[in-house]
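To start, the structure itself, in structure tokens.
Since the model is a prediction, treat every value here as computed from it, not as a measurement.
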Amino acid sequence: MTATPRPRPAATGHRSCPWYLQRTGIALDLGSSRTRAWVSGRRMILDVPTVTFPGEGATCPIQRGTIVDTPGTARMLDRLLGHRLHRLDRPLLVVTTPVLGGIAYRAEARTAVEVLRPRSVLTVPTARAVATAADADLAHPLLVVDIGAHVTEVTLLTDGVVTDVRCTALGTDDLDVLAPPTRITEAVVAMVTAMLDQDHTSQTFDALQRGALLAGGGALRPDITYPLAGLLHAPVRPVRAPHTAAVRGAAKLLQAARSHPSVTVVGDPAGR
């Protein structure tokens, strides 16, 4: 006679894996003045000064859109995010990068974020991240103006890919009585004019007619945005919460990448 196998107890519910073994993601926007980060599972955006350590004697590891102190950037990231990660965690990172930073910037950024023990690091042009945060229609050419504290960048996106870009080492922190906001508006107009002059297609003109998308802290200043619309003879549209648009866009791209494990590149593969 054979024994009848005992029935196994019915499962009482789904057993989730520990939070530190789940696929954590981090979106990073490394600015010259402020560094912003978003960690999956948390609602708030971390926003801190871009300094090696707080207090007297602190140095700025990122200047004018360039990582000048990679170990200092790593120490800052470790201080900001290290204690928020479990020791077994290997997060997926999406890092925004200035378009004209090129390969050198991406290499330095990848080296700095190694302190967070990532399992993968994806980079995305800042302008693409801004467009993603704004849910912009990328089926048409789009002009993105990012006015930061130390750098202002004008980028043309075509089908979501960077096709032209201009940059100036000028930002809101440079403005004072002797350097009024018109310095930035005039610089933006000069960059857009140069793009129009050198574009043998109608893409830049079409994007301008649809309206420039504004991001960065400068987009919060009416003394910059209002005159800019008049000088460009075109509408300008500040993104919601423009100072955090880049990291929010990176977070959206991060969430998309986490649902597709085979994704190895976010945005333009060439990093332009």
Side-chain angles (χ1 to χ4, degrees), residues 25-31 34 36-38 45 65 93-102 105-106 109 122-149 151-168 171 188 191-192 195-196 199 201-220 224-225 228-229 232 234-260 263 265-272:
I26 298 174
L28 273 177
D29 179 37
L30 301 171
R34 310 284 301 184
R36 298 177 175 100
W38 178 86
I45 292 174
L93 265 66
V94 172
V95 184
T96 65
T97 60
V99 179
L100 292 180
Y105 184 97
R106 296 195 301 275
L122 312 178
T123 61
V124 57
T126 301
R128 175 62 189 274
V130 168
T132 301
D135 292 321
D137 181 5
L138 295 178
H140 301 285
L142 178 67
L143 202 61
V144 179
V145 180
D146 185 9
I147 306 171
V151 174
T152 298
E153 191 173 72
V154 180
T155 306
L156 176 66
L157 296 175
T158 306
D159 295 324
V161 176
V162 175
T163 53
D164 198 359
V165 62
R166 298 288 190 280
C167 181
T168 182
V188 171
M191 289 188 284
V192 173
M195 294 171 75
L196 286 166
D199 187 355
T201 70
S202 63
Q203 292 177 348
T204 305
F205 179 78
D206 291 345
L208 184 61
Q209 291 300 105
R210 290 189 179 90
L213 200 61
L214 300 188
L220 293 170
I224 292 176
T225 58
L228 186 58
L232 289 175
V236 296
R237 299 175 289 126
V239 184
R240 179 182 64 84
H243 56 303
T244 63
V247 72
R248 288 186 290 108
K252 291 180 71 172
L253 292 169
L254 169 66
Q255 291 169 315
R258 290 175 67 205
S259 64
H260 297 85
V263 172
V265 175
V266 174
D268 181 8
R272 292 175 294 174

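Here the CG-CD distance, from Leu253 to Gln255, works out to 9.5 Å after rounding to the nearest 0.5 Å. The CG atom of Leu143 sits 8.0 Å away from atom CG of Leu196, with the distance rounded to the nearest 0.5 Å. The distance from atom CG of Leu28 to atom OG1 of Thr96, rounded to the nearest 0.5 Å, is 8.0 Å. One finds the CG atom of Leu142 at 10.5 Å from the CZ atom of Arg128 (value rounded to the nearest 0.5 Å). Considering CD1 of Ile147 and OG1 of Thr152, their distance stands at 5.5 Å, rounded to 0.5 Å. Separating the CG atom in Leu93 from the CG atom in Leu254 is a distance of 8.0 Å, to the nearest 0.5 Å.
The closest side-chain heavy-atom distance from Leu208 to Met195 is not below 4.5 Å. Residues Asp146 and Thr155 form no side-chain contact, since every pair of their non-hydrogen atoms from C-beta on lies 4.5 Å or further apart. Counting heavy atoms from C-beta outward, Arg240 and Arg248 have side chains that approach closer than 4.5 Å. Thr204 has its side chain out of reach of Pro141: every pair of non-hydrogen atoms, C-beta onward, lies at least 4.5 Å apart. Between Arg210 and Asp137 there is no side-chain heavy-atom pair separated by less than 4.5 Å. Inter-residue side-chain proximity for Trp38 and Val94 is flagged as unmet; no heavy-atom pair is nearer than 4.5 Å. In this structure, Leu213 and Val239 have side chains that are in contact, with non-hydrogen atoms separated by less than 4.5 Å.
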Assess the residue pair Cys167 and Val151 against the criterion (side-chain contact (heavy atoms from CB on, under 4.5 Å)); give the C-alpha distance rounded to whole Å, side-chain angles, the decisive distance to 0.1 Å, and a yes or no. CA-CA 7 Å; Cys167 181; Val151 174; 3.2 Å; yes
Start with the C-alpha gap between Val236 and Val145, add the side-chain angles, then the distance that decides, and say whether side-chain contact (heavy atoms from CB on, under 4.5 Å) holds. CA-CA 9 Å; Val236 296; Val145 180; over 6 Å; no
Step by step, work out the side-chain contact (heavy atoms from CB on, under 4.5 Å) result for Asp164 and Gln203. CA-CA 10 Å; Asp164 198 359; Gln203 292 177 348; over 6 Å; no
Chi angles and distances behind the side-chain contact (heavy atoms from CB on, under 4.5 Å) call for Leu228, Leu214: CA-CA 10 Å; Leu228 186 58; Leu214 300 188; 4.0 Å; yes
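Taking all atoms of both residues into account, the shortest heavy-atom contact from Ala131 to Leu138 is CB-CD2, 3.9 Å. Across Val130 and Ala215, no two heavy atoms sit closer than the pair CG1-CB, 3.6 Å. Heavy atoms only, all atoms of each residue included: Thr225 and Gly218 are closest at CG2-O, 4.1 Å. Heavy-atom minimum distance, Val99 versus Glu153: N-OE2, 3.2 Å. Ala129 approaches Val124 most closely through the heavy-atom pair N-CG2, 4.2 Å. Heavy atoms only, all atoms of each residue included: Gly65 and Pro98 are closest at O-CG, 3.7 Å.
Listed for the Asp29 side chain is no donor-acceptor partner under 3.5 Å among the backbone atoms of Ala246. Within the 3.5 Å criterion, the main-chain N or O of Leu157 finds no donor-acceptor partner in the side chain of Thr163. For Arg36 (side chain) and His243 (main-chain N/O), a donor-acceptor pair under 3.5 Å exists by modelled atom type.
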